[in-house]
Amino acid sequence: MDNLIYKSTRGQGEAVSASQAIIRGIAEDGGLFVPNYIPKIDFNAKDFSKFDYKELAYIVMSKFFTDFTEEELKNCIDKAYDDKFDTNEIVPVKKIGNDFFLELHHGPTLAFKDVALSILPHLLKTAVKKQGINKEILILTATSGDTGKAALEGFNNIDGIKIIVFYPEVGVSIVQQLQMTTHNGNNTFVVAIKGNFDDAQKAVKEIFTDEKMRSQLNEKGFMFSSANSINIGRLIPQVVYYFSAYLNLYKKGEIAEGEKINVVVPTGNFGDILAGYFAKSMGLPIDKLICASNKNKVLTDFINTGRYDRNRDFYVTNSPSMDILVSSNLERLLYFVSGENPEKVKSLMESLSTKGEYSIDEDMKNKLQDFYAGYASEEETCYVITDLYRDYKEAIDTHTAVAYSVYKKYEEDTKDATKTVILSTASPFKFPKSVMSSIDKKYDGVNEFELIKELSKIGNYPIPAGIKDIDTRPQIHNTVCDKKDIKNVVLNFLKIK
Ligand SMILES: *Cc1c(COP(=O)(O)O)cnc(C)c1O
C-alpha cells in the first residue's frame with residue numbers, strides 16, 4: 001500500500017499528512033479528513049493479548065499517524081495514559097449479569113471523551129513542532145457539557161497552547177458546570193454564554209470564520225485550532241479501545257480466537273461508533289455495530305430507512321450529551337459507503353445544509369448492513385437503570401442506559417446470542433439526579449451533592465476524585481457574556497489591544 005495520507009470527504013484541496021490534518025481539524029472545503037485507505041492489522045487474539053493498553057495504542061495509532069516517529073508517538077501515549085486514569089487498565093470491562101460493559105469513564109472528567117482528549121493535546125503539540133509552526137495555538141471550544149471539562153483537563157498547562165471553553169448558561173448539569181468553573185490552570189479560560197448550546201456553538205463558529213479577527217491574532221503570534229470530535233486526532237485514539245475490549249473478553253475466556261462480538265454504542269455526533277467501524281475495517285472480529293440513540297432519533301431513522309432528516313423537534317433529554325440532530329462524523333461513513341465518492345458526499349451535504357435532509361441510494365444503503373439502529377425513550381432509559389440496580393446493585397449512567405435499553409430490545413427482536421460489549425460512556429456520578437431518581441423515587445428533589453454521597457454509599461463505590469468536594473472548591477471563572485461580546489472576551493484573555 002502507498003503511504004497513508006488524508007483527504008477531504010468532499011474532494012477539494014490537497015492531501016495532507018496526519019500532523020497537518022490534526023492541526024487543521026477540518027478540511028478547507030468544509031469536509032472532514034479521511035485516510036486514503038483504512039489500514040489492516042494482522043490481528044489474532046492470542047498474540048495480541050500480551051500487549052497492555054499503551055502498547056496496543058501504539059500498534060493501532062502508528063498505522064494512521066504515519067508521519068510521527070515511533071519516539072514521538074510513544075511519548076504522546078505515555079503522557080496521555082498515566083495515573084490521570086484511576087485504573088492502569090485504562091478501559092476495564094465489567095460483567096454485570098451476562099452482559100459486558102466497557103467502562104470508558106475512568107479518566108479525570110468521568111466521561112469517555114477523556115480517552116481521546118488526554119492524547120489530542122500531545123499529538124497537536126508534536127504536530128505543530130513537526131510542521132515548524134512557531135505560533136501559539138488557541139483552542140476555542142463550545143461545549144454542551146462533557147467536552148468542555150475533558151478539553152480543559154487535556155490541555156491544562158500544556159505550553160504553546162491556550163484554550164477557551166464556552167458553555168451555555170442554561171442546559172448543563174450542576175456537576176458539569178462546577179467541573180468547568182472551578183477549573184484551575186494557567187492557560188485555560190471558561191466563559192458562560194447567555195443562551196443555549198446552539199448560540200454558544202454559533203458564536204464560536206463565527207470567530208473561526210472572521211477573517212479580520214484571524215489576521216489580528218495572526219499578527220500577535222496566535223493560530224486557531226479545534227478540539228472537537230471531527231479532528232482525526234480525537235477519532236483514531238478511540239479505535240484502540242475496541243481492540244482492548246475484544247482482548248479483555250478473550251483473556252477472560254468469554255470468547256474464542258476469531259469469534260465475532262457485537263458492540264453497542266450510545267451515539268450523538270457519531271464519532272465513537274465510527275471508531276468501531278474503523279476497528280472492524282482494520283480486521284477486528286466485530287459483527288454488528290449497534291447504534292443507540294435517545295429521543296432525538298435521527299440516526300435510527302437514517303440507518304433504517306436511508307433518509308436523513310433533521311427537520312424535526314429537538315428534545316432536551318436525560319442523556320444530554322446525545323441531544324443532537326446533525327451528527328457530523330456521519331459524513332465520514334457516507335464517504336466510505338459511497339465507495340469513496342467525494343462528489344456524492346458533497347451533494348448529500350449540500351442537500352443537508354439547504355433542505356435539512358438527504359436520501360442515500362440502494363447501493364449505499366446495502367453497505368449499512370454492518371449497523372443496527374434503535375432508540376430509547378427517557379422512560380425506557382430510567383427503567384433499565386432501575387432494573388440493573390434492583391438485580392445487581394450496580395448503577396449505570398443515563399447514556400450507558402440508552403445503549404443498554406436498545407441492546408435489550410435488539411436481543412429480543414433478533415434472538416442473536418453473539419457476545420456483546422456495551423460502551424459505558426459516563427460515570428453515574430456525573431448525572432446523579434436522573435440516576436438516583438431511577439433507583440428510588442425517594443431521591444426526587446434531593447440536592448445533587450447529597451445524591452453523590454448517597455450513590456457512593458448504596459453502590460459501594462468511592463466518590464471519583466474528579467468530583468470529590470466539587471461544591472466547596474473555589475469558583476475561578478465567573479465571566480458571563482453576551483453573544484455579541486465574545487470576540488472582546490477572547491481578545492481580553494489574550495491581552496490583545
Ligand atoms: C459525547 C458523548 C456521547 C456521544 O458520543 P459521540 O461520539 O458524539 O457519538 C455519548 N455519551 C456520553 C457520556 C458523551 O459524553
Side-chain angles (χ1 to χ4, degrees), residues 32 91 101-118 120 141-151 153-154 167 171-173 175-176 179-180 197 201 227-239 241-242 263-279 289-300 302-303 317-333 371 373 375-376 381 385 396-406 422-432 434-435 464 466-467:
L32 308 190
V91 292
F101 290 83
L102 172 62
E103 295 188 339
L104 301 172
H105 51 75
H106 287 269
T109 80
L110 321 185
F112 90 98
K113 292 185 172 73
D114 285 328
V115 181
L117 277 164
S118 55
L120 176 68
T141 298
T143 181
S144 63
D146 287 335
T147 299
K149 178 61 177 179
E153 278 296 328
Y167 72 92
V172 302
S173 84
V175 173
Q176 287 175 319
Q179 279 186 311
M180 293 186 275
F197 173 62
Q201 169 127 306
N228 66 24
S229 76
I230 54 184
N231 195 314
I232 57 137
R234 268 188 73 177
L235 181 67
I236 303 303
Q238 297 181 356
V239 178
Y241 50 68
Y242 288 91
V263 295
V264 193
V265 188
T267 298
N269 225 356
F270 211 77
D272 206 359
I273 193 165
L274 186 74
Y277 177 79
F278 274 38
L289 293 147
I290 301 174
C291 175
S293 299
N294 65 22
K295 195 177 175 189
N296 296 294
K297 61 180 185 67
V298 65
L299 286 166
T300 312
F302 170 68
I303 290 171
T317 73
N318 56 11
S319 48
S321 304
M322 294 159 64
D323 290 344
I324 185 158
L325 291 180
V326 179
S327 299
S328 354
N329 271 297
L330 188 64
E331 179 167 345
R332 289 189 166 112
L333 181 68
F371 293 86
Y375 75 101
T381 305
I385 297 176
I396 55 171
D397 100 288
T398 46
H399 303 76
T400 309
V402 167
Y404 190 58
S405 170
V406 168
I422 296 142
L423 271 60
S424 179
T425 49
S427 154
F429 282 99
K430 215 163 178 178
F431 303 94
S434 309
V435 171
I467 56 162

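Both ligands and their constituent atoms are indexed starting at 1 by order of listing. Keep in mind the model is a prediction, meaning the values are calculated, not measured.
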Quick one: list whatever passes ring pair (Phe, Tyr, Trp, His ring centres under 6.0 Å) with Tyr404, sequence neighbours left out.
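Ring pair (Phe, Tyr, Trp, His ring centres under 6.0 Å) list for Tyr404, sorted by chain: Phe101.
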Apply side-chain contact (heavy atoms from CB on, under 4.5 Å) to residues Thr143 and Gln176 and explain how you reach the verdict.
CA-CA 10 Å; Thr143 181; Gln176 287 175 319; over 6 Å; no
Anything under 30° is parallel, anything over 60° is perpendicular, the rest tilted; go ahead and classify Phe112 against Tyr241.
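Correct class here is perpendicular.
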Run the ring-centre check on His105 versus Phe429 and record whether the distance is less than 6.0 Å.
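No, too far apart.
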Will you find, in the side chains of Asn269 and Asn329, an N or O donor that is under 3.5 Å from an N or O acceptor?
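Note: Asn269 and Asn329 side chains miss the donor-acceptor criterion.
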Testing the 3.5 Å rule here: is there a donor-acceptor pair between the side chains of Asn294 and Thr317?
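Yes, a side-chain donor-acceptor pair sits under 3.5 Å.
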Between ligand 1 and the protein, tabulate every N or O atom pair separated by less than 3.5 Å, reporting distance only.
from: ligand 1; atom 1: 7 (O); to: Gly271; atom 2: N; distance (Å): 3.3
from: ligand 1; atom 1: 7 (O); to: Asp272; atom 2: N; distance (Å): 2.9
from: ligand 1; atom 1: 8 (O); to: Asn269; atom 2: N; distance (Å): 2.7
from: ligand 1; atom 1: 9 (O); to: Gly268; atom 2: N; distance (Å): 2.7
from: ligand 1; atom 1: 9 (O); to: Asn269; atom 2: N; distance (Å): 3.2
from: ligand 1; atom 1: 9 (O); to: Phe270; atom 2: N; distance (Å): 3.1
from: ligand 1; atom 1: 11 (N); to: Thr425; atom 2: OG1; distance (Å): 2.9
from: ligand 1; atom 1: 15 (O); to: Lys113; atom 2: NZ; distance (Å): 2.5
from: ligand 1; atom 1: 15 (O); to: Asp146; atom 2: OD2; distance (Å): 2.7

